[in-house]
Each structure stands twice: as structure tokens, then as C-alpha cells.
Trainee: 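The structure is given below, and queries will be raised subsequently.
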There are 2 protein chains.
Amino acid sequence: MTKPNQEREALLAELVGASVPGWAILVVQLNNVVARRLGVSDTDVQCLHVLGRYGPATPGELAKRVNLTTGSASRMIDRLVAADCVRRIPDPGDRRRVLIEPTQEGLDRVGSAYAGLIERTRDDLGDFTDEELRTLLRFMGTAERSTAAEVRHLQSAPDDRGAHP
Amino acid sequence: MTKPNQEREALLAELVGASVPGWAILVVQLNNVVARRLGVSDTDVQCLHVLGRYGPATPGELAKRVNLTTGSASRMIDRLVAADCVRRIPDPGDRRRVLIEPTQEGLDRVGSAYAGLIERTRDDLGDFTDEELRTLLRFMGTAERSTAAEVRHLQSAPDDRGAHP
DNA sequence: CACAGTTACTGCGCGACGCAGCTAATGTAT
DNA sequence: ATACATTAGCTGCGTCGCGCAGTAACTGTG
């Protein structure tokens with residue numbers, strides 16, 4: 001007899017143990033390749049992604065999202081400004097703050113770098129029904145929330161270094 | 001009248017334009033947090049992921065998968081050996097080659113670092129039917145292949161630097 | 001048996017990051 | 001109003017990871 005829970009467990013194991021990690025590895029690798037193509041560092045493309053996803057932000061907010069100190073974020077912004085990818089805009093309401101905004105040049109550069117993948121992905125999604133697309137969207141939403149929660153949890157948790165005799 | 005293709009286009013746009021990039025950003029951020037927790041660099045955790053996913057490999061193969069030169073890969077392996085995460089095993093058949101194998105210590109360290117996320121993800125997947133899980137698995141498979149193909153394509157393509165007057 | 005090709009490893013310089021300290025601007029209390 | 005604490009962003013300095021070039025050991029081939 002084959003228990004129904006057995007196949008489900010196999011599906012779960014395949015998903016969390018192979019498919020998702022395998023994709024995550026490739027995402028990191030792709031970001032690295034794109035960074036080289038654009039002539040900037042990995043951190044810089046991560047910053048551009050953050051700007052593209054969440055809109056303009058202050059250096060402090062960017063520092064949090066890319067796990068950098070505000071000092072290093074300053075240097076990163078310097079590089080991106082020098083590469084014509086972002087712009088510094090003073091905040092009229094709070095003259096300490098500065099808003100970082102992607103330039104059209106920057107948007108085009110990252111856009112063209114990922115155009116191939118987007119093309120392929122849209123192509124792949126052609127094999128899925130609307131119902132299946134909604135399922136994918138639902139999963140991506142939960143995954144995004146869970147990953148964000150885990151990031152926050154690990155950031156606030158103490159370091160484990162030195163806990164292995 | 002509402003055209004049926006209109007909603008589908010919205011689903012596709014949401015997926016490739018927001019959900020997937022949003023998750024990718026968080027994956028990178030999580031890797032960075034985990035790296036700090038383990039006291040190693042981002043590249044080092046990427047290497048550990050590669051070893052966990054594809055099994056033991058030579059320094060040259062690892063260098064390709066993490067986008068490093070063989071020289072930098074040597075140093076990376078030195079760090080991981082010093083951190084008790086991997087082991088160098090000489091290849092008896094070809095005495096030039098060396099096999100890199102994760103230690104139990106290393107497997108436990110990365111495993112515990114990601115245990116929380118795996119827990120959350122398995123929990124999330126509880127809301128999906130077996131059929132939906134198969135859909136997710138199918139998509140992850142295509143995404144993995146497409147991303148890998150795009151990585152190969154960009155790696156073999158010429159640089160775009162200097163193409164913006 | 002010589003010679004090209006492969007694999008992994010080492011000096012050196014460059015660049016990205018963290019840390020600490022700094023200035024300017026804002027908020028708050030007396 | 002004035003003094004103090006807080007927040008925001010920006011700079012020297014040391015550290016460390018990386019690419020480049022060159023080296024040594026080993027393998028396959030003519």
C-alpha cells in the first residue's frame with residue numbers, strides 16, 4: 001500500500017531541499033554576472049534592485065536593505081552616481097536627508113541586463129493556466145513574507161560564532 | 001467589456017515584475033545575514049550551497065559555479081577549511097586534482113542557519129494541495145533551467161561597458 | 001621522451017567594507 | 001530662547017576578499 005502522505009512528503013522535500021536552493025544559487029550567480037557586465041559590484045546591483053522594487057529611498061534605508069553601514073552605503077552611492085545609475089536629491093522637508101533615485105540610464109542598464117531572463121520566464125509561464133499562475137503568485141507572496149521574517153529574526157538574534165567546541 | 005487576456009497580463013506582470021524580483025532581493029539579503037552569522041563571506045556560503053546541492057567538487061568546478069578565478073577559489077577553500085566547513089581530499093586517479101567535500105560541522109552549521117526558513121516554508125506549503133505543489137515544482141524547474149541558460153548566455157556575451165556615450 | 005595542456009596554488013595591487021569620528025540639521029527639555 | 005541629545009549622511013584608516021600574473025606538479029599526446 002502506498003500512503004498518500006508519502007508522495008506529498010516527497011514533493012515537499014524536493015521543493016525545499018533541491019528546487020528552491022538550486023534556484024537561489026543561480027539567482028546569486030546571475031546577479032554576479034550582471035554586476036560584472038554593468039561594471040559595478042554585487043552590492044551595487046542589489047541596491048539597484050531595491051530601488052527598482054521599492055522606489056527611491058534614503059541612504060540609511062538602502063543601507064538596511066543591502067546590509068551595509070551608512071558609511072559604506074555612502075561609498076556605494078558614490079559609485080552608482082559615478083556610473084550614472086542613480087541621483088542624489090536633497091529632501092526639502094529635512095535638510096539632513098537625501099533621496100536616492102535611479103536615473104533613466106540606470107533603469108535601462110539593469111532592464112536590458114535582465115531582459116533575456118524576463119523573456120525566457122514569460123515564455124516559460126506560457127505553459128501555465130491562469131489558475132496555476134495565481135497559485136505561483138500566492139506562493140511567491142508567502143515566500144517573500146517568510147524570507148523577510150527570517151531575515152529580521154536572524155538579524156536580531158545573537159551570533160553563533162564560538163558556539164562549536 | 002473585460003478581455004480575458006487582460007487579467008493574465010496583469011498576473012504575468014506581477015510575477016516577473018514584483019514577486020520574483022522581491023523574493024530574489026530577500027534571498028541575497030538572507031545569504032548575507034547567514035554569512036555574517038557563520039563568520040564567513042558571502043562567497044563562502046554560496047560555495048557551501050553549491051556543495052550541498054551538487055555534491056563534492058574540485059576547486060576549478062567550484063570556481064566556475066561561484067564566478068571566481070581558480071586562485072581566489074583556492075583562498076576561499078582555505079577560509080572554509082580554517083572554519084572547519086570543508087575538507088580537501090586528494091584525487092587518487094589524478095594527482096593534480098583535489099576534491100572539496102563539506103564536513104559534518106559545515107553541513108550542520110548551514111543547516112541550522114536555514115532551519116528557520118525551511119520550517120516557515122514547509123508551514124507555508126501546508127496551504128497548498130498536492131496538485132498545486134506539483135505546479136510549483138514544475139515552475140521552479142523551468143525557472144532553474146532558464147536562469148542557468150541566461151547565466152551561460154551572459155557569461156559568453158561581450159561586455160557592454162563603454163556602450164553608453 | 002619531449003611538449004603542450006590542465007590543475008591547483010602563491011605574490012601583488014586594487015577595491016569594497018566596517019569602524020570610528022565628524023559636521024549639519026532636527027527634536028526636546030528646561 | 002538656549003542647551004542638550006538624537007538622527008542623518010559623509011570621510012580617514014585598517015582589514016580583507018578578489019583578479020591578474022606567474023609557478024609547480026601532474027597528465028596526455030605526438
Side-chain angles (χ1 to χ4, degrees), chain A residues 28-29 31-48 50-51 56-83 85-101 155 159 161, chain B residues 28-29 31-48 50-51 56-83 85-101 155 159 161:
Chain A
V28 172
Q29 195 180 358
N31 276 339
N32 188 285
V33 172
V34 169
R36 291 162 189 265
R37 254 184 102 77
L38 298 183
V40 298
S41 88
D42 285 31
T43 309
D44 299 353
V45 293
Q46 179 75 354
C47 174
L48 291 174
V50 167
L51 287 174
T58 65
E61 292 167 355
L62 289 176
K64 286 194 191 71
R65 288 215 184 263
V66 299
N67 288 343
L68 248 59
T69 62
T70 62
S72 299
S74 253
R75 303 285 185 28
M76 172 186 72
I77 295 167
D78 288 344
R79 292 193 300 269
L80 289 173
V81 167
C85 286
V86 303
R87 201 183 355 244
R88 275 187 235 252
I89 297 181
D91 184 338
D94 187 339
R95 293 195 301 186
R96 293 170 302 180
R97 303 178 70 188
V98 175
L99 269 183
I100 309 303
E101 187 185 65
Q155 276 177 338
D159 255 2
R161 250 172 302 173
Chain B
V28 172
Q29 196 179 358
N31 277 339
N32 188 286
V33 172
V34 169
R36 291 161 189 266
R37 252 183 104 77
L38 298 183
V40 297
S41 87
D42 285 31
T43 309
D44 300 352
V45 293
Q46 180 75 354
C47 175
L48 292 174
V50 167
L51 287 174
T58 65
E61 293 167 353
L62 289 176
K64 286 193 190 71
R65 289 216 185 261
V66 300
N67 289 343
L68 249 59
T69 63
T70 62
S72 299
S74 254
R75 302 275 179 43
M76 172 187 70
I77 295 166
D78 288 344
R79 293 193 300 269
L80 289 173
V81 168
C85 287
V86 303
R87 202 183 353 244
R88 273 188 237 252
I89 297 182
D91 184 338
D94 188 337
R95 292 195 300 185
R96 293 169 302 181
R97 302 179 69 187
V98 176
L99 269 183
I100 308 302
E101 187 185 65
Q155 276 176 338
D159 256 3
R161 250 172 305 173

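Below, read A as the first sequence line, B as the second, and so on, with proteins coming before strands; counting in each chain starts at 1.
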Trainee: By nearest nucleotide on DNA chain D, pick out whichever of N67(B) and R88(A) is the more 5' one.
Mentor: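 Of the two residues, R88(A) wins.
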
Trainee: So which heavy atom on P56(A) is nearest to which on L51(A), and how close?
Mentor: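 What the structure gives for the nearest pair is CA-CD2, 4.1 Å.
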
Trainee: For E61(B), which residues count as a side chain to side chain donor-acceptor pair (under 3.5 Å) partner, sequence neighbours excluded?
Mentor: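 With neighbours one apart ignored, the set is empty.
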
Trainee: Could you tell me the boundaries of the chain B footprint on DNA chain D, defined by atoms under 4.0 Å from its heavy atoms?
Mentor: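 Nucleotide range in contact with chain B: dG17(D) to dT27(D).
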
Trainee: Taking for each residue the nucleotide of DNA chain C bearing the nearest heavy atom, is the 5' side occupied by G93(A) or by T43(A)?
Mentor: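 So the residue in question is T43(A).
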
Trainee: Mind checking what makes side chain to side chain donor-acceptor pair (under 3.5 Å) contact with R88(A), not counting sequence neighbours?
Mentor: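 Listed in chain order: D78(A).
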
Trainee: So how far off straight is the helix from dC1(C)-dG30(D) to dT30(C)-dA1(D), going by the axes through five pairs at either end, to 10°?
Mentor: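 One end's axis against the other's: 20°.
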
Trainee: Please enumerate all residues that pass side chain to side chain donor-acceptor pair (under 3.5 Å) together with S41(A), with sequence neighbours excluded.
Mentor: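 For S41(A) the side chain to side chain donor-acceptor pair (under 3.5 Å) partners, ignoring immediate neighbours, are D44(A).
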
Trainee: Using the side chain to side chain contact (heavy atoms under 4.5 Å, CB included) criterion, which residues pair with R65(B)? Sequence neighbours excluded.
Mentor: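 Result, side chain to side chain contact (heavy atoms under 4.5 Å, CB included) vs R65(B): V50(B), Y54(B).
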
Trainee: Using a 4.0 Å cut-off to any heavy atom of chain B, which nucleotides of DNA chain C are the first and last in contact, reading 5' to 3'?
Mentor: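 Listed 5' to 3', the contact boundaries are dG5(C) to dG18(C).
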
Trainee: At what distance, to the nearest 0.5 angstrom, does CG of L68(A) lie from SG of C47(A)?
Mentor: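 Reported value, rounded in 0.5 Å steps: 9.0 Å.
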
Trainee: Any chance you could measure I77(B), atom CD1, to R75(B), atom CZ, to the nearest 0.5 Å?
Mentor: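 So the CD1 of I77(B) and the CZ of R75(B) are separated by 12.0 Å.
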
Trainee: Taking the nucleotide of DNA chain D with the closest heavy atom to each, which residue, K64(A) or P92(B), is nearer the 5' end?
Mentor: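 First, find each residue's nearest nucleotide; the 5'-ward one identifies K64(A).
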
Trainee: Could you tell me which residues satisfy side chain to side chain donor-acceptor pair (under 3.5 Å) with S74(A), sequence neighbours excluded, listed by chain and number?
Mentor: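 S74(A) satisfies side chain to side chain donor-acceptor pair (under 3.5 Å) with no residue once adjacent residues are dropped.
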
Trainee: Where do V86(B) and L48(B) land on the side-chain contact (heavy atoms from CB on, under 4.5 Å) test, with the steps shown first?
Mentor: CA-CA 8 Å; V86(B) 303; L48(B) 292 174; 3.9 Å; yes

Trainee: Please give me every residue in residues 69-80 of chain A whose heavy atoms get under 4.0 Å of an atom in DNA chain D, ordered by residue number.
Mentor: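 Nucleic-acid contacts, sorted: T70(A), G71(A), S74(A), R75(A).
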
Trainee: Sequence neighbours left out, what passes side chain to side chain contact (heavy atoms under 4.5 Å, CB included) with R96(B)? Give chain and number order.
Mentor: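 Checked R96(B) against side chain to side chain contact (heavy atoms under 4.5 Å, CB included); matches are D94(B).
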
Trainee: Of all residues at least two apart in sequence or in a different chain, which pass the side chain to side chain contact (heavy atoms under 4.5 Å, CB included) check with N32(B)?
Mentor: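 Partners of N32(B) under the side chain to side chain contact (heavy atoms under 4.5 Å, CB included) test: N67(A), R36(B), D42(B).
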
Trainee: Any idea which heavy atoms bring P59(B) and A73(B) closest together, and the distance?
Mentor: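 Distance-wise, the nearest heavy atoms are O-CB, 3.9 Å.
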
Trainee: Please name the pair of heavy atoms, one in N31(B) and one in V45(B), separated by the smallest distance, quoted to 0.1 Å.
Mentor: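 Shortest heavy-atom separation between N31(B) and V45(B) comes out as O-CG2, 4.0 Å.
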
